[in-house]
Amino acid sequence: MVIIKASKFGTRAAAVLMAGTILSPVAMAQTAPRKAPAAAPTPAAPATPAPVPAAVAPQRVIHSLRVEGSQRIEPETVLSYTKLRVGQAYSNETLDQAIRDLYASDLFADVSIAGAETGDITLRIRENPIINRVILEGNSTLKSDKITKEIKLAPRQIFTRTAVRQDVGRIVELYRRQGRFAARIEPKMVSLDQNRVDVVFEIDEGPKSKVRAINIIGNQVFSDDKLRQQMVTKQARFFRFFSSNTSYDQDRLAYDQQQLRKFYLTQGYADFRVTSAVAELTPDKRDFIITYVVEEGPRYKFGDVTVDSDIRDFDNKKLASSLGITKGDWYNAKKVEDTVDSLSQTAGLFGYAFTEVNPEFVPNKENLTMAINFHIAEAKRTYVERIEITGNRQTQDKVIRREIRLAEGDAFNSFQVKRSTDRINSLGFFQDKFEIKNEQGSAADRVVLNANVEEKPTGELSLSAGYSSLERFIIQAGITQRNFRGKGQELRANVDYSVYSKSVSLGFTEPYLFDKNVAVGVDIFRRDYNSFNYIGDQRQTTYSQVSTGFQVRTGVPLTEYWSLSGRYGLTFDKVGLDQATYFTNGVCNPFVAGRYLCDAIGNRVTSMIGYSLVYDSLNSRLRPTAGKRLVLSQDVAGLGGDVRYIRSRIEASKYMNLGKGWIFSVNGEAGYIKSLQSTPADGSDPIRITDRFYLGEPQIRGFDIRGVGPRVQRIPYVTNTDATTGVTTQTLSTDKNSIIDDALGGRAYYLVRFELEPPLGGGVRELGLRPSIFMDVGAVFGVRRPQLTTTCTTGQTTPCYPVVNGIVQPYQQQQYATVNGTQVPLYQVPSTDATNPSLLTTCATGYSATYGGACAGSSANSNYSVPYGPYLERFVGDSPRPRISIGFGVNWNSPFGPLRIDIAKALLHDKGDDTKLVTFNVGTQF
C-alpha cells in the first residue's frame, strides 16, 4: 500500500504535466508532412512510414472509500468535504486536491490517502483538538476582558494554528494602539485528554513606546520649539509624566501634520506643505523618533477682497466692506474660514438655508499677495417644511418644541435656529453641545429642522457628607427631578445639616402653566441658622435665627430676551441668644452680647412682595460662554407683618468667548435697603441685623465669612507690671485670639467679579476640572453706628470699663458649670448659711454636693460671678472704599462631590476686615 503525500505528489505531477505539454507540439512539428512547390515537378519521394501512437495509461476507478481516525466528525461529513465518490475515475491530481480540501476545512491536523494503486481509497485523518480554555498571562495594562473581546479563539471551538497566529496579531495590534510596540506574545498549547487543549498566550507587555524626539527639517521662519507647540504629540520628558500625548500614535501623527499646515496658513504661508513625515522605531522598540520635512514657501498678504453674490438681495460692495479682512494684512486662512461662516450666517438671516459660499483664491507670486473673491452661489429662499424631534424617550415633544423659535411654514432664519439651540441646551435635559441640524426638504426651497436629542439623567438622589470652611462638617440629603413626568417640571426636596445651619425645603416649579408661557412655583422651608463671631481663630455662636415660611413665584416673558417675575413670601422669624451665655437674671446682658445683638432678639413676621425684571441672552444657563444677563429686582416688606422696608438689587453678567477656548466673564451686583419705619428711640439701626447685606466668603474671595464691612470689635486690656519699678500699667491686647469680632452687615453693598477661564485639554475636561483666575472688588456699608458699651475719649490712657446707668464700673461675669454637655449657671450659698457657707452649687435654692444633682435645703443662693477685666469696644469697617482681591481657583467634579478651591490675596482691605488666603468647599452641592 502506497501513501501519497500532498506536497511531493503535487510537485512530481506538475513536472510530468509540464514536460508533456512542452514535448507534444515539438513531436507534432517533426512528423507533419511538407507540401512541395507546384511550379517544378520533382520525382516522387519514397513513402514516409506513419508514426507509432503512444501507449494510453489505463483509467483508474474508485472501488471503495473509507475514513480512518475520525472521533467527533462522522465519516460521511469527512467525505463531504472532498469530491471523491465511488465509481468515479481518479488521478493523482484528484487525490491531491482532496487532501487540500480537507486541510482547508480547518478541522484536521493531519491528512493522508492510502490505496491509490488499487482504487480502495482510505482517508486517514487526525482531527484538530477542541479548545478547553483560553488563558492570558502577563497582561496588566490591558484587562483580560478587553483582549477576549478582540480575539476569535474561545472555549469549545476547534483549535487551528492559523487562528492562533491571527489572534496573536490581534493582541499585538491592541498593544500598539496603546503605544506598546515592544509587546511580545508567545502562544502555547497544553494537550489534555479526549483531544482537548488549553491555549495559553504568554504576554510580555514591554514598556510604553514614547516619542523620544521630534525633528523638523526645512523650517527657517519658526523654531522647532514653536512648531512643536502646535502639535498634540509631545516629546517624552520627566515633567510630562502624567501626559498621554508622549506616546506614539499613527492617527495623531497625521493630525499633527494638519496642525502644522493650519498654523502656517494662519501666518501667511499659503504654499506651505509637509513633504514627508517619518516615525522610526528605535532598535530596542522602546521609543520613536519622528522627523518632519517641510517647505515653508513665501509669505503672502491679502490682496483685493471682493464679494460676488448671485443672490439679488445682497449688495456686493456693502458685504465686502463688512468683512473682517483688510487688504495689506498678512494672509490668514482662519480669517477666510470665519468669513465664509459669517457670509453663510448672513444668508441664513435672509432665509437662505443652503447657501454655498466659495472663496476663490488668486495668488500673485511676484507681489506675494492673495486676492480672494467670495462667490455666493444662487439659492432659493427656504421655508421650514417640518420640525423633527427624535431621541426623546421621556421628555415630551412639546417641552422641546416650545423652545424652538421657528414654526413649520416660517421663513428659515439661522439666528432663530441658533437661539433655539441655546434654549434647548439651557434646559439641561440633553447631551452637551446639542445642535439643530438643517436638512434638505422635499423641494429646493424647503428645509427640515432635525432636533436629535440624547437624554441624560435629570433626577438626582444625593446623600453626601463633606467639609466646608464656612460650615465645617456638612451632611446633605436631597432628591431633585428637573424633568418631572417628562413635562419640564421641577420637583425638589432637600435636607441640610451642619454645625451652624439646618434646613428643610420643598419646592415645585411648573414652567408652562396650562401650556401657556407662564411659570409658577411654590417653596416651603424651615431654616435654623446660628450666627457666630470670632475670638481669634475660634468661632462661637452668637445669635440663632429660626425661619419658617413659604414663597409663591410666577413669571412671564415680555420679549425673546426680557421677562418679568413676581413673588410673595411670608416668613416667621425667631431670633434668640443663648441665655446661659448672654443673659443675666433673665435679661440680655449688653456687656456680654453687645447692645446690637440684644436689640435683634425677638419674634417677627415678614410679609414681602417683590418683582424682578430680567434680560437674558446667555447661550446656556448651566455653563455660559457668551451672552449677557441683567436683573433688576425690588422686594417690599410691609404688606402686613412686623417689619417694613424696600430692598432693591441689580445684577449684571457678561460672558465673552475670546477665542481658542478662553472665556472671560464680568459679574456685578449692588443693593440697598431703605427702611420704611422710624428710627428707634435708642438710636439703633431700623434695619434689623438679620435683614442686612453681608460680604465675605464665598461672595468675595480672599476674605473670611462675613469678613468685609461694619463690625464691632471688643479688645481686652492686659495688665503689665514692671519688674524694676513695680509700676502696673494696662494696655490693649495685641493678641488676635483674645479679640471678639462681630459682623453687623450693612444697608448697601456692591460687588464686581472678573474671571478668566483658560482652555482645557481633553484629558483635563474628562477629569471635570475648571480652573480660573479672578479679581474681586466690593464693599458693604451704611449701617447706623451702634451704641457701644464702653465710652473712651481719644488718647485716653486709663482703662475703659463698661458703662452701667452712666456710671463707669467693672463688670461681674456670670460663671457656669458644664453638666452633660450643657452650660448651667453657678450659684453661691450665702456665707451666713450654717451648713454650706459660701459653697458653689448649681441650685438656685438649697444645695447639691454634685453639679446638676438634686437640691436639698432652703437657702436663697445668689448668682456667682467674677470680675470681668476692662475692655474697649470699637466700631470699624463702615466704609464704601473698595476691597480688592486677586487669585486663582479650580472647580472639580470629584468622586466625593463638587470641590471648589480658591487661593486669593487681599490687595486692599479696611480696618477690621478678616482676610483669608485659602478657602475650599467639598460636598456642598450634588
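In what follows, every heavy atom counts, from backbone to side chain, and hydrogens, waters and symmetry copies are set aside.
- Judged as a salt bridge (Lys or Arg N to Asp or Glu O under 4.0 Å), and not counting sequence neighbours, the contacts of D691 are R688.
- Under the 4.0 Å criterion applied to side-chain N and carboxylate O atoms, D914 and R706 are not assigned as salt-bridge partners.
- Judged by the 6.0 Å distance and 45° axis criteria, R785 is not positioned over the aromatic ring of F875.
- Between R747 and D685, the closest side-chain pair of non-hydrogen atoms falls below 4.5 Å.
- Looking only at side-chain heavy atoms (C-beta outward), R881 and D910 come within less than 4.5 Å of each other.
- Using a 4.0 Å cut-off between charged side-chain N and carboxylate O, D742 and R711 make no salt bridge.
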Test T571 against V605 for side-chain contact (heavy atoms from CB on, under 4.5 Å), laying out the working first.
CA-CA 6 Å; T571 305; V605 177; over 6 Å; no

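- Between the side chain of Q677 and the main chain of D642, a donor-acceptor pair closer than 3.5 Å is present.
- Using a 4.5 Å cut-off on side-chain heavy atoms (C-beta onward), S503 and N494 make no contact.
- The existence of a salt bridge linking D776 and R701 is confirmed by a sub-4.0 Å separation between a basic side-chain nitrogen and an acidic carboxylate oxygen.
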Using the side-chain contact (heavy atoms from CB on, under 4.5 Å) rule, take I479 and R492 through it: C-alpha gap first, then chi angles, then the decisive distance, then the call.
CA-CA 6 Å; I479 180 171; R492 62 185 180 277; over 6 Å; no

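- Side chains of V777 and L751 form no contact here, defined as non-hydrogen atoms less than 4.5 Å apart.
- Residues E873 and R714 are paired through a salt bridge, judged by an N-O separation under 4.0 Å between the basic side chain and the carboxylate.
- Ion pairing between R567 and D635 holds under the 4.0 Å rule for side-chain N and carboxylate O.
- Residues satisfying the side chain to side chain donor-acceptor pair (under 3.5 Å) criterion with E755, sequence neighbours excluded, are S772.
- The pair K502-D496 does not meet the salt-bridge criterion, since no charged nitrogen lies less than 4.0 angstrom from a carboxylate oxygen.
- Side-chain contact between V783 and F693 is absent, with no heavy atoms from C-beta onward closer than 4.5 Å.
- At least one side-chain heavy atom of T841 sits less than 4.5 Å from a side-chain heavy atom of N861.
- For the pair R784/P686, a side-chain contact is recorded, criterion being any heavy-atom separation below 4.5 Å from C-beta on.
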